[in-house]
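Below is one structure, written out as structure tokens; the observations come after it.
Just the heavy atoms: all of them, side chains too, but no hydrogens, waters or symmetry mates, feed the values below. Please read all numbers here as calculations on a predicted model, not as lab measurements. A note on names: the letters A, B, ... follow the listed sequences, proteins ahead of strands, and every chain is numbered from 1.
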Amino acid sequence: MDFTTSLIKWYENDHRLLPWRETSDPYFIWLSEVILQQTRIDQGTNYYIRFIEHFPTLKDLASASEDEVLKLWQGLGYYSRARNLHFAAKFILNSYNGQFPDTYDAILSLKGVGEYTASAIASIAFNLPYAAIDGNVYRVLSRFTGLDAPIDTGEGKKMFRELANHFLDQKNPGIYNQAVMELGAVVCTPQSPDCKNCPLNDSCVALRDKTISMLPVKIGRTVQRNRYFNYLDITSGSHTFIHQRKGGDIWHGLFEFPLIETVAEIGVDELILNKEWSDLFDGIKPVITGWERVPVHLLSHLKIYTRFIRIDLPEEFDLSEKYRKVLKKDIFKFAVPRLVERYLINRYE
DNA sequence: CAAACGTGGTA
DNA sequence: TTACCAAGTTT
């Protein structure tokens with residue numbers, strides 16, 4: 001049997017039962033695909049379930065506020081996915097009368113939908129012949145054919161696209177795409193793949209040549225920068241202060257305490273001499289009741305060193321209008337970064 | 001095109 | 001504890 005036939009036969013018998021595999025509704029397929037971008041199934045499944053509970057239809061999602069969508073997305077990372085998802089839902093409701101677009105080009109033009117996701121939706125929901133190429137597919141194709149072109153350069157990607165189109169099952173593109181990804185996820189894994197039980201092990205070039213551990217080839221990785229955050233956990237009577245992060249930086253749309261970022265690690269005694277500090281408190285001398293460091297927070301491209309400083313202010317005091325004065329007991333209603341959530345759980349729960 | 005964009009699991 | 005990297009997209 002050839003690659004495609006063996007793969008589909010294996011998938012029909014062995015695939016996992018996942019919630020989004022019980023439907024062909026493009027709204028659900030879309031939702032699952034966006035949630036699973038750069039995200040493991042173990043991590044994304046609960047989010048998918050909560051999303052379809054809260055937003056059973058595209059119209060429900062479109063009718064929600066962005067803050068509500070971000071709150072449901074909290075902890076999943078890559079928050080632009082949530083904002084783009086919400087934007088696209090409103091767009092589909094307004095421009096397509098709520099009818100999910102059914103051509104590759106129209107799907108691709110949705111915010112937050114790139115080539116992979118457009119191919120996945122087009123093939124799975126509409127049975128259109130587009131090969132979806134994600135990290136699993138690169139790995140499976142690279143090992144099966146022995147192609148050692150890098151998967152993160154334009155030239156390499158083009159070669160893998162040709163391979164993917166060559167192997168695509170034109171009649172069952174949705175099943176085929178899911179089959180390749182499934183194989184990559186459960187058999188042809190990055191480390192210690194289960195080649196003994198692989199349906200393709202009789203014709204896999206990398207297995208024959210013992211190059212499994214060297215494929216696929218990747219070129220680059222961006223270096224991590226350091227950032228230094230000082231969050232001000234202010235108590236003003238039964239209130240505290242928060243603000244919403246803007247675009248052009250991490251965590252766009254999420255909430256956090258007033259933040260003073262420094263270019264290097266400095267002491268609290270230095271921090272209170274900082275101009276941002278005096279601007280923030282404008283004349284008032286706040287009482288520092290304590291402070292604590294939290295473990296370094298790792299992002300794909302950042303290491304964030306953080307200190308939370310607890311401060312007491314007179315009840316009637318207000319910060320500038322950039323900051324919202326909210327009841328402390330309401331703090332968990334806001335979408336916050338994991339880093340902040342961990343602190344809140346320790347401190348307020 | 002390279003870099004930005006989160007978080008958590010694994011070795 | 002570092003390093004990799006997961007159903008990628010945007011700028």
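At the heavy-atom level, A:Q178 lies nowhere under 4.0 Å from the strands shown. A:S32 comes within contact range of no nucleotide atom at all, as no heavy-atom separation falls under 4.0 Å. Among the atoms of the strands shown, none is found under 4.0 Å from any heavy atom of A:I35. Nucleic acid contact for A:G154: sugar-phosphate only, since backbone atoms but no base atoms lie under 4.0 Å from a heavy atom of the residue. Across all strands shown, A:W73 has no heavy atoms under 4.0 Å from either base or sugar-phosphate atoms. Within 4.0 Å of A:L18, counting heavy atoms only, lies at least one base atom of the nucleic acid.
The separation between A:K111 atom NZ and C:dT9 atom C1' is 12 Å, rounded to whole Å. As a whole-Å value, the separation of A:R83 CZ from C:dT9 P is 16 Å. Across the protein-nucleic acid pair, A:L85 atom CG and C:dT9 atom P stand 13 Å apart, rounded to whole Å. As rounded to whole Å, 11 Å separates atom P of C:dT9 from atom CG of A:N84. Across the protein-nucleic acid pair, A:F87 atom CZ and C:dT9 atom C1' stand 15 Å apart, rounded to whole Å. A:M214 places its CE atom 17 Å from the C1' atom of C:dC4, with the value rounded to the nearest Å. Look at CG on A:L110: it is 15 Å from C1' on C:dG8, rounded to the nearest Å. Atom C1' of nucleotide C:dA7 and atom CD of A:E115 are separated by 15 Å, given to the nearest angstrom.
Considering only residues two or more places apart in sequence or on other chains, A:K303 meets the side-chain contact (heavy atoms from CB on, under 4.5 Å) condition with A:Q224, A:N226, A:V296, A:L298, A:Y305. Remark: A:P129 engages A:L168, A:Q170 in a side-chain contact (heavy atoms from CB on, under 4.5 Å) (not counting sequence neighbours).
For residues 169-213 of chain A, no pair satisfies ring pair (Phe, Tyr, Trp, His ring centres under 6.0 Å), with sequence neighbours left out. Here ring pair (Phe, Tyr, Trp, His ring centres under 6.0 Å) pairs that include residues 97-123 of chain A, with residues two or more places apart or in two chains, are A:W30-A:F100, A:Y104-A:Y130. Listed by first and then second residue, the side chain to side chain donor-acceptor pair (under 3.5 Å) pairs involving residues 276-291 of chain A are A:K275-A:D279 (not counting sequence neighbours).
Looking at A:D249 and A:R227, a side-chain N of the basic residue comes within less than 4.0 Å of a carboxylate O on the acidic one, giving a salt bridge.
Here the two rings, on A:W73 and A:Y78, have centers that are 6.0 Å apart or farther.
Nucleotides B:dC5 and C:dA7 are separated by 23 Å at their P atoms, to the nearest Å. Separating the P atom of B:dA3 from that of C:dC4 is a span of 16 Å, rounded to the nearest Å. Going from the P atom of C:dT9 to that of B:dG8 covers 22 Å, rounded to whole Å.
Projected onto DNA chain C by closest heavy-atom contact, A:L108 and A:I41 fall at different nucleotides, the more 5' of which corresponds to A:I41.
Within residues 123-140 of chain A, the residues having any heavy atom under 4.0 Å from DNA chain C are, by residue number, A:D134, A:G135, A:N136, A:R139.
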B/S/- along nucleotides 4-11 of chain B (protein heavy atoms under 4.0 Å) is SBBBBS--
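Stacking of A:K111 on the aromatic ring of A:F87 is recorded, both the 6.0 Å distance cut-off and the 45° axial limit being met.
Clustering of Ile, Leu, Val, Met, Phe, Trp and Tyr by side-chain heavy atoms under 4.5 Å joins A:L327 with none of the others. In the hydrophobic clustering (ILVMFWY side chains linked at under 4.5 Å, chained through shared members), A:L207 is joined by A:I212.
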